[in-house]
Structures are given as C-alpha cells and as structure tokens.
Asker: 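I'd like to ask you about the structure that follows.
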Amino acid sequence: MKIAIYPGSFDPITNGHLDIIERSAQIFDKVVVAVSINSQKSPLFSIEERIEIVKSVTSHIENVEVKTFTGLLAEFAIKENAKVLIKGLRAVSDFEYEFQMALMNKKIQPELETLFMMCNKEYSYLSSSIVKEVGRLGGDLSGLVPDSLIERIKNKLK
Ligand code: ADP
C-alpha cells in the first residue's frame, strides 16, 4: 500500500490545499493529512477545530485520513508507514525553504522521499494567511476556501 503524508498547519484549509489533497489521493492508495500543532504561530483555529474542518471538507475522498502529530514529521511519516511526503509549490519563493526541509528530512529518514506537486494555476496566489487578511478586511472569500467554511472563518475573525 502506497501511503503519502501531506503536512501543513491548515489554518484554515484553502482550496489550494484541497486541490493538492484531491490530486494526491488519485496517485496514492492513502493520503494522511498531517495537521501540525505549530507552536510558533498563534493559530486562528485550535488544533481540534482544524482537524475537524479538514475532516469535514475531505469527507468525500475515501482514501484520505486526517491526523495530527508532535515532534519530527519524518518520524511521524515512518510511524504511519508512509514513504512519501507531499509538498505543494506555489512560487519560486516556496522553493528555498522546501528544499532545505526536504534535505533535512532526508537526513533524518533516508528512506523517506519528498515529492513536490505544482499548485493549480488558479491558486498560486493563495495562502492561509492571505485568506485571513482578506477575511479580516471584509473581503469576499468565495473561491478561496470551501463554501461551507466561509461563515465560520468570518465569525472567527470578528
Ligand atoms: P500556508 O502556506 O498557506 O500557510 P501550510 O503551511 O498549511 O499553508 O501549507 C501546507 C502545504 O500546502 C505546503 O506544502 C504548502 O506549500 C502547500 N500549499 C499552501 N497553499 C497552497 C496552494 N495555494 N496551492 C498549493 N499548495 C499549497
């Protein structure tokens, strides 16, 4: 069984993330979305809320599981029997950081591969932080996040 891990903070999950999850689920037998607790940033949604939200918007994809992890991602991946980490690339600016992370994860777990998937051109400008910024300023979030989340995000930003 080919298992891949798709990690992120998903605060909140956007249509860009969802696109990567849907495409990965067509390639792998199972995709584990790994929601990071992310102690450095103070998240808008708690870890429990982010897990619940990611579960609800991926419930139509049979081979997706949603989990959280603490500690090293590479070790979590091995524990999940995954051989692949999926990362979405939006722009050249994502590359340097992801390159460093991929090499570090390779050093920690040589049997783990990082695969980069190009974002959908519709979402190349999209990030969780820009969604929060636009929402905070009263902008329209349709098309950026799943419709079912729009009110919830707006309420949280109030
Ligand atoms: P963000 O960068 O939006 O705060 P995360 O830290 O949760 O989001 O990112 C998790 C993963 O999703 C990373 O691999 C990131 O490159 C990827 N990603 C984020 N936004 C998009 C997008 N719009 N299209 C494709 N991949 C994305």
Side-chain angles (χ1 to χ4, degrees), residues 3-28 30-58 61 64-74 76-77 80 82-106 108-109 112-137 139-150 152-154 156-157:
I3 303 172
I5 304 275
Y6 179 50
S9 34
F10 307 108
D11 184 41
I13 190 165
T14 68
N15 285 345
H17 295 131
L18 210 47
D19 174 65
I20 299 280
I21 296 171
E22 281 167 352
R23 286 157 63 202
S24 308
Q26 289 180 11
I27 299 171
F28 293 93
K30 182 165 99 180
V31 175
V32 178
V33 181
V35 185
S36 65
I37 292 177
N38 208 338
S39 52
Q40 276 148 19
K41 299 183 206 164
S42 59
L44 179 64
F45 289 98
S46 70
I47 183 68
E48 292 79 15
E49 289 172 310
R50 282 179 280 141
I51 292 171
E52 183 242 294
I53 291 171
V54 177
K55 277 187 179 164
S56 73
V57 300
T58 57
I61 322 168
V64 167
E65 278 181 20
V66 184
K67 297 193 174 172
T68 186
F69 67 101
T70 49
L72 291 170
L73 175 64
F76 172 73
E80 291 293 317
K83 299 233 163 29
V84 172
L85 287 178
I86 308 265
K87 295 296 189 93
L89 278 188
R90 284 163 291 190
V92 182
S93 51
D94 278 345
F95 179 80
E96 207 162 337
Y97 174 74
E98 293 295 353
F99 182 59
Q100 186 182 21
M101 290 300 286
L103 293 184
M104 183 50 79
N105 282 326
K106 192 85 188 154
I108 297 169
Q109 284 295 352
L112 191 63
E113 293 295 344
T114 302
L115 285 192
F116 293 98
M117 193 175 271
M118 287 301 154
C119 70
N120 184 313
K121 66 182 188 321
E122 309 282 320
Y123 304 132
S124 61
Y125 61 92
L126 197 53
S127 68
S128 297
S129 19
I130 207 158
V131 163
K132 286 181 273 193
E133 188 73 25
V134 170
R136 205 169 271 131
L137 298 171
D140 183 8
L141 296 183
S142 49
L144 309 184
V145 296
D147 287 344
S148 59
L149 294 186
I150 294 179
R152 190 159 176 186
I153 296 170
K154 292 215 153 191
K156 196 77 169 180
L157 288 166

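Order of listing sets the numbers, starting from 1, for every ligand and every atom in it. Along the sequence shown, residues are numbered consecutively beginning with 1. Reckoned from all heavy atoms, side chains included, excluding hydrogens, waters and symmetry mates.
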Asker: Enumerate the atoms of ligand 1 whose separation from the nearest heavy atom of K87 is less than 4.0 angstrom.
Answerer: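 It comes down to these atoms of ligand 1: 14 (O).
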Asker: Is it the case that ligand 1 has an N or O less than 3.5 angstrom from some N or O of S128?
Answerer: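 Yes: some nitrogen or oxygen of S128 is under 3.5 Å from one in ligand 1.
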Asker: To the closest 0.5 Å, what do you measure between OG1 (T58) and OH (Y6)?
Answerer: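 Output value for this atom pair is 12.0 Å.
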Asker: For atom 24 (N) of ligand 1, which protein heavy atom lies nearest, and how many Å away is it?
Answerer: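 Protein heavy atom at minimum distance: C119 CB, 3.3 Å.
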Asker: Using the six-membered ring wherever Trp is involved, compare the ring planes of F76 and F69 and label them parallel, tilted or perpendicular (cut-offs 30° and 60°).
Answerer: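 If you compare the ring of F76 with that of F69, the planes turn out parallel.
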Asker: Side chain, backbone, both or neither: which applies to L126 and ligand 1 if a contact is any heavy-atom pair less than 4.0 Å apart?
Answerer: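 Both backbone and side chain.
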Asker: Quick check: do I27 and M117 have side-chain heavy atoms less than 4.5 Å from each other?
Answerer: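 A side-chain contact exists here, since the closest heavy-atom pair is under 4.5 Å.
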Asker: So is Y6 touching ligand 1 or not, going by heavy atoms under 4.0 Å?
Answerer: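 Distance cut 4.0 Å: Y6 passes for ligand 1.
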Asker: Would you compute the distance between atom SG of C119 and atom CG of N15 and round it to the nearest 0.5 angstrom?
Answerer: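 Spacing of SG (C119) from CG (N15) equals 12.5 Å.
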Asker: Please state which protein non-hydrogen atom is closest to atom 18 (N) of ligand 1 and give its distance, to 0.1 Å?
Answerer: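 In this structure, atom 18 (N) of ligand 1 has H17 CD2, 3.8 Å as its nearest protein heavy atom.
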Asker: Looking at CG of D94 and CE of M118, how far apart are the two atoms once the value is rounded to the nearest 0.5 Å?
Answerer: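 Reported to 0.5 Å precision, the distance equals 9.5 Å.
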Asker: So is there a nitrogen or oxygen of T14 less than 3.5 Å from a nitrogen or oxygen in ligand 1?
Answerer: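 Between T14 and ligand 1 (N or O atoms, distance only) the closest approach is not under 3.5 Å.
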Asker: Tell me which one of V54, I53, V57 satisfies side chain to side chain contact (heavy atoms under 4.5 Å, CB included) with V66.
Answerer: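 So the option named by the test is V54.
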Asker: As an exercise, identify every atom of ligand 1 less than 4.0 angstrom from a heavy atom of G16.
Answerer: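 Atoms satisfying the 4.0 Å criterion: 22 (C), 23 (N), 24 (N), 25 (C).
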Asker: Regarding E113 and K106, does a basic nitrogen lie under 4.0 Å from an acidic carboxylate oxygen?
Answerer: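 A salt bridge links E113 with K106.
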Asker: Starting from atom 10 (C) of ligand 1, locate the nearest protein heavy atom and write down its residue, its atom name and how far away it is, to 0.1 Å.
Answerer: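 Ranking protein heavy atoms by distance from atom 10 (C) of ligand 1, first comes P7 O, 3.4 Å.
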Asker: Quick one: does S9 get within less than 4.0 Å of ligand 1, heavy atoms only?
Answerer: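 Right, S9 reaches ligand 1.
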Asker: Examine F10 against ligand 1 and note whether any of their N/O atoms are separated by less than 3.5 Å.
Answerer: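 Yes, there is a polar N/O contact under 3.5 Å.
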Asker: Look only at interatomic distance and state if G8 has a nitrogen or oxygen under 3.5 Å from any nitrogen or oxygen of ligand 1.
Answerer: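 No, no N or O pair falls under 3.5 Å.
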Asker: Check the pair I20, I86 against side-chain contact (heavy atoms from CB on, under 4.5 Å), reporting the backbone distance first and the verdict last.
Answerer: CA-CA 9 Å; I20 299 280; I86 308 265; 3.9 Å; yes
Asker: Counting non-hydrogen protein atoms only, what is the nearest one to atom 14 (O) of ligand 1? Give residue, atom name and distance.
Answerer: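 Protein heavy atom with the smallest distance to atom 14 (O) of ligand 1: G88 N, 3.1 Å.
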Asker: So do the side chains of P146 and L18 get within less than 4.5 Å of each other, counting heavy atoms only?
Answerer: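 P146 vs L18: side chains touch.
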Asker: For ligand 1, indicate whether the residue S129 contacts it via side chain, backbone, both or neither (heavy-atom separation under 4.0 Å).
Answerer: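 The answer is neither.
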Asker: Is there side-chain contact between L149 and I13, with at least one heavy-atom pair below 4.5 Å?
Answerer: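 Sidechains of I13 and L149: in contact.
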Asker: Applying a strict 4.0 Å limit to heavy atoms, is S36 in contact with ligand 1?
Answerer: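 Flag not set, S36 not near ligand 1.
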Asker: Backbone, side chain, both or neither: what part of R90 comes under 4.0 angstrom of ligand 1, heavy atoms only?
Answerer: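 The answer is the side chain of R90.
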